[in-house]
2 protein chains.
Amino acid sequence: MAEGSERDVIASIERGFAVLLAFDADLPAPSLAEVATKTGLSRPAVRRILLTLQKLGYVNASGSRWSLTPRVLTIGQHYAASHAISEVAQPHLLRLAELTHESASLSQLDGTGVVYVARVHVRRVMSLNVDIGSRVPVHATSMGRVLVAWADASVIEQVIEDGLPALTPTTVTDPVAFRDALHEVRQQGFALVDGELEPGFLSAAAPVRNPAGDVVAALAYSTSRGRTDVQHVLDDVVPHLLDVAASIQRDLAVVTTGRRTLAPGARDGFF
Amino acid sequence: MAEGSERDVIASIERGFAVLLAFDADLPAPSLAEVATKTGLSRPAVRRILLTLQKLGYVNASGSRWSLTPRVLTIGQHYAASHAISEVAQPHLLRLAELTHESASLSQLDGTGVVYVARVHVRRVMSLNVDIGSRVPVHATSMGRVLVAWADASVIEQVIEDGLPALTPTTVTDPVAFRDALHEVRQQGFALVDGELEPGFLSAAAPVRNPAGDVVAALAYSTSRGRTDVQHVLDDVVPHLLDVAASIQRDLAVVTTGRRTLAPGARDGFF
DNA sequence: ACCTCCTGTACGCTGTGCGTACTACTTGTA
DNA sequence: TACAAGTAGTACGCACAGCGTACAGGAGGT
């Protein structure tokens, strides 16, 4: 059902996003020609697309260089506005951060990747710039393990098929070991990953379920090996983690089953 | 130059974004037909667009309801990756938040609106959900006043033409008074807005300039009238604000004029 | 049994958006 | 100075992408 043949895909829209996403750390302010070579599109096509995106306010030309405008940041707001979870979770993240004195985050599965949807950072932990919208690999993070552990079998297959690159010497890269790790996560009800994403980076995550019982998000605590150790996380942090995850789950159930109103007064007189 | 006639705008891309942005708090999980009526497009057209967006991973169908996926949050990452300012400003925002014990934020002008590009929130200040990517009205916020005060005259005209709605009883709504307020901002080098966006909400903002001297962002401090008063902000906060804004400006100059490398090691082994 | 909502599909026509080919400008180099 | 190599902008005609109309098939609801 709803398969959608090739006939039902609009190439221009794909091209439009290809151009929008061509703006990158590698190419922060490209010329038209650079975008064309990067995307493989013809220059006139890129020109038309850039002019369209400019009309929509997402890019701007200064001289012969093009760059993104802050408006691209507003696109994500539509996700937050249409999904209660990030808003519901916010106070709970704050509580977790206060309980543990470390950063707390909530993430969701996106294909075979993990995307942060809410976050409270206590201090600048790492070189990694993890903010809302950041993507992290699914196989080497506690959040990813949680999200995949309870996902459809097809997702697990796809993740393994995508490959399990070694990001540190201790990253689990063997498919069998990875499946074992997922099994362990299901058994114990949470995931703990120690230095598999980046040396010294330690994190734990717990599942957050919707009323139907599906795991829709992962709540995570993250810290550095320098500040704490695995035993402390297991003894003192995980109970808080599970407790806060349960609270989010409870609030989420209220919001989604009850009336879908998010502080009605908040929107009025604002925008 | 580079005007771009109507001939050079790709309607399909406009339609694609129209559908993507149709997902809203009002319509978090619409049916195909609902999207069609909201956007004014035909149902088959909307179907094609949704299938395209689904292929790109931005929307997903569950039953006959469609919803955004967390992937839309990643679009904004391309802005952060291609503009040093948000990353550069982050530690400074943290410092400002620590100095003042209140939320600190950085925002940029987008057309005639203001968009938060970086933020450190100290506590849950208000009902307002102000996060990265949020848009706030330009005329009733200290950040907006700063950004507009030093913008092209055409921007000021456009803001006034857009209208200056009264969001609280004290909002400046008279064009002449608004121009006076901007003049005052230019004179004193910062903006202070007291309860014009929401009663009891108090904020101050200072400009951040690029090496060419253009105001490219506004650094803001925000609090509630219940916790402090105008005099304290003027005496104790504004000096910090100006100081931190100068620091951001300095770091920004180094990054943009020097080599455009943002912690090269941070990207490797990450994604 | 009806009616009304929905989605999915077929199909032929229109005109959008494509690329090729060319012009015009700027910058660096011989 | 003149050429080369880069850039952006423009024109134009053709092809087919994507459009909407029209219809079929389900799922509730009365």
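The shown structure was predicted, so the numbers you read here are calculated from the model rather than taken from an experiment. In what follows, every chain begins at residue 1, and chains take the letters A, B, ... in the order their sequences are listed.
As a whole-Å value, the separation of B/Glu34 CD from C/dC5 C1' is 11 Å. In this entry the distance linking CZ of A/Arg47 with P of D/dA11 reads 10 Å, nearest Å. Here the P atom of nucleotide D/dC19 and the CZ atom of B/Arg43 are 15 Å apart, to the nearest Å. Counting to the nearest Å, the C1' atom of D/dC19 and the CD1 atom of B/Ile49 are 11 Å from each other. Rounded to whole angstrom, the span from the CG atom of A/Leu50 across to the P atom of C/dG17 amounts to 15 Å. One interatomic measurement links the two molecules: CD of A/Gln54 to C1' of D/dG9, which rounds to 14 Å at whole-angstrom precision. One can place CD of A/Glu14 at 13 Å from C1' of D/dG18, the figure rounded to the nearest angstrom. Rounded to a whole Å, the CG atom of A/Asp8 is 11 Å from the P atom of D/dG18.
Here A/Ser12 does not reach the OP1 or OP2 of D/dA17: none of its side-chain N or O atoms lies under 4.0 Å away. In terms of phosphate contacts, A/Arg48 brings a side-chain nitrogen or oxygen within less than 4.0 Å of OP1 or OP2 of C/dC18.
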### Task
Mind running side-chain contact (heavy atoms from CB on, under 4.5 Å) on A/His78 and B/Val72 for me, showing each step along the way?
CA-CA 8 Å; A/His78 288 259; B/Val72 297; over 6 Å; no
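Shortest non-hydrogen contact noted between B/Ala206 and B/Ala245 is CB-CB, 4.1 Å. For B/Val88 against B/Leu252, the heavy-atom pair with the smallest separation is CG1-N, 4.0 Å.
Here the rule is side-chain contact (heavy atoms from CB on, under 4.5 Å) with B/Val148, and of B/Thr141, B/Val159, B/Val185 only B/Val159 fits it.
The backbone N or O of A/Pro165 lies less than 3.5 Å from a partner atom in the side chain of A/His139, making a donor-acceptor pair.
Residue-to-nucleotide proximity on DNA chain D shows that, of A/Ile13 and A/Arg65, the 5′-proximal contact is made by A/Arg65. Judged by closest nucleotide on DNA chain C, B/Pro44 is the one of B/Pro44 and B/Ala11 placed further toward the 5' end.
Among D/dT7, D/dC19, C/dC6, the nucleotide with an atom closest to any side-chain atom of B/Ala45 is D/dC19. Of all nucleotides listed (D/dA8, C/dC18, D/dG18), D/dG18 comes nearest to the side chain of A/Ile10. When the nucleotides D/dG18, C/dT7, D/dG9 are ranked by their closest atom to the side chain of A/Leu32, D/dG9 comes out on top.
A/Arg15 comes within contact range of the sugar-phosphate backbone alone, with a heavy-atom separation under 4.0 Å but no base atom that close.
Each end of the helix from C/dC3-D/dG28 to C/dA30-D/dT1 gets its own axis, taken as the rotation carrying the C1' atoms of four end pairs onto the next four within a five-pair window, and the two axes meet at 30° to the nearest 10 degrees.
Within a 6.0 Å sphere centred on CZ of B/Arg43, other residues, nucleotides and ligands contribute 12 heavy atoms or fewer.
For the residue pair A/Ser134 / B/Gln77, a side-chain donor-acceptor distance below 3.5 Å is found, with atom types taken as modelled.
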